[in-house]
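Just so you know, these numbers use all the heavy atoms, side chains as well, and skip hydrogens, waters and symmetry mates. Counting from 1, the numbers follow the sequence of the chain as shown.
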Amino acid sequence: MPHSLRQQLEQAIPAIPDYPKEGIIFRDITTLLSDASAFRRSIDELVHPYSGAQIDFIAGIEARGFILGGAMAHQLSCGFVPIRKKGKLPSDSISIEYELEYGTDELEIHRDAFAPGSRVYYWLMI
């Protein structure tokens with residue numbers, strides 16, 4: 001079993017070349033999620049710098065950000081706010097367009113997801 005976090009993550013998250021198209025290296029976290037030790041250690045490492053930081057919300061981008069951000073919010077005893085792809089949220093939302101290696105996409109968040117002054121940690125995982 002690898003001893004360093006880097007070794008454990010490299011073993012648990014394979015790189016899939018040319019997926020979903022040529023030139024892209026896809027990092028498949030499904031194997032990380034099925035490895036209880038690696039998944040737990042990953043979440044522990046992600047929350048460690050913020051323990052005691054009085055965070056009100058973790059905001060995470062679907063779908064990986066929902067999984068990892070939700071686990072982080074649980075450990076930090078704070079709320080979780082989903083950031084979704086355009087057209088997936090039922091209430092008034094705000095959006096932003098962003099560039100990908102293979103095009104553009106748009107993300108949305110509910111306009112009232114958190115109150116002004118809330119302390120939010122934004123989990124970027126696309």
Side-chain angles (χ1 to χ4, degrees):
M1 177 152 191
H3 295 285
S4 77
L5 176 63
R6 181 182 185 95
Q7 289 172 322
Q8 191 171 19
L9 291 177
E10 285 174 350
Q11 185 176 9
I13 305 172
I16 313 297
D18 299 323
Y19 183 82
K21 72 180 236 180
E22 190 172 332
I24 305 294
I25 297 175
F26 181 78
R27 307 285 179 186
D28 183 8
I29 69 161
T30 58
T31 50
L32 170 73
L33 301 175
S34 67
D35 180 335
S37 173
F39 183 41
R40 176 62 187 215
R41 187 170 182 192
S42 298
I43 298 303
D44 288 346
E45 292 291 330
L46 289 169
V47 301
H48 178 73
Y50 306 100
S51 57
Q54 305 288 325
I55 293 173
D56 297 313
F57 298 97
I58 299 287
I61 297 173
E62 66 177 78
R64 297 172 186 168
F66 287 9
I67 298 165
L68 300 175
M72 290 173 66
H74 171 76
Q75 266 191 251
L76 292 168
S77 297
C78 65
F80 178 78
V81 175
I83 301 172
R84 307 276 331 252
K85 292 192 177 169
K86 186 167 180 65
K88 303 274 184 161
L89 293 173
S91 298
D92 187 30
S93 61
I94 54 176
S95 65
I96 186 168
E97 187 175 292
Y98 64 97
E99 297 283 329
L100 295 165
E101 299 92 343
Y102 46 87
T104 63
D105 210 341
E106 203 165 340
L107 295 172
E108 295 182 327
I109 188 170
H110 279 150
R111 190 171 296 280
D112 62 354
F114 35 81
S118 293
R119 293 162 299 205
V120 180
Y121 176 75
Y122 170 69
W123 175 245
L124 176 62
M125 177 64 86
I126 298 178

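More than 12 non-hydrogen atoms from other residues, nucleotides or ligands lie less than 6.0 angstrom from CD of Glu97. The number of heavy-atom neighbours closer than 6.0 Å to CD1 of Ile96, taken from other residues, nucleotides and ligands shown, is 12 or below. The environment of Arg40 atom CZ is sparse: at most 12 non-hydrogen atoms of other residues, nucleotides or ligands sit within 6.0 angstrom. Heavy-atom contacts from other residues, nucleotides or ligands closer than 6.0 Å to CZ of Phe26 number more than 12.
Among all heavy-atom pairs drawn from Phe57 and Phe114, the shortest one is CE1-CB, 3.3 Å. Annotation for Pro90 and His110: closest pair CD-NE2, 3.5 Å, computed over non-hydrogen atoms. Of all heavy-atom pairs between Cys78 and Asp56, the closest is CB-O, 3.3 Å. Here the closest non-hydrogen pair linking Arg111 and Ser93 is NH2-O, 3.5 Å. Summarising the geometry of Ser37 relative to Gln8, their closest heavy-atom pair is OG-NE2, 3.3 Å, with the distance given to 0.1 Å. The minimum heavy-atom distance between Phe66 and Gly60, with the atom names listed, is CE1-O, 3.4 Å.
A distance of 8.0 Å separates CG of Leu33 from OG1 of Thr31, quoted to the nearest 0.5 Å. Atoms CG and CD1, on Leu68 and Ile61 in that order, are 12.0 Å from each other to the nearest 0.5 Å. Annotation: the span from Asp28 atom CG to Arg64 atom CZ amounts to 7.5 Å, rounded to 0.5 Å. For the atom pair Leu76 CG and His48 NE2, the distance stands at 12.0 Å (nearest 0.5 Å). Taken from CD1 in Ile58 to NE2 in His74, the straight-line distance is 13.0 Å, to the nearest 0.5 Å. Atom CE of Met72 is separated from atom CD1 of Ile67 by 14.0 Å, given to the nearest 0.5 angstrom.
Under the 3.5 Å distance criterion, the side-chain polar atoms of Glu62 are matched with a main-chain donor or acceptor of Lys85.
Cluster annotation: Tyr19 is not connected to Ile13 through the hydrophobic network of ILVMFWY side chains, with a link wherever side-chain heavy atoms come within less than 4.5 Å. Hydrophobic clustering keeps Ile25 apart from Leu9 (ILVMFWY residues linked when any side-chain heavy atoms are closer than 4.5 Å, directly or through intermediates). No continuous path of ILVMFWY side-chain contacts below 4.5 Å connects Val120 to Leu89, so the two sit in separate hydrophobic clusters.
Under a 4.0 Å N-O distance rule, the pair Lys86/Glu108 qualifies as a salt bridge.
Tested against Ser42, the residues Asp35, Val47, Leu32 include a single side-chain contact (heavy atoms from CB on, under 4.5 Å) partner, Leu32.
Residues that satisfy the ring-ring contact (aromatic ring centres under 6.0 Å, His included) test with Phe39, not counting sequence neighbours, are absent from this structure. Considering only residues two or more places apart in sequence or on other chains, Glu45 meets the side-chain contact (heavy atoms from CB on, under 4.5 Å) condition with Leu5, Arg41.
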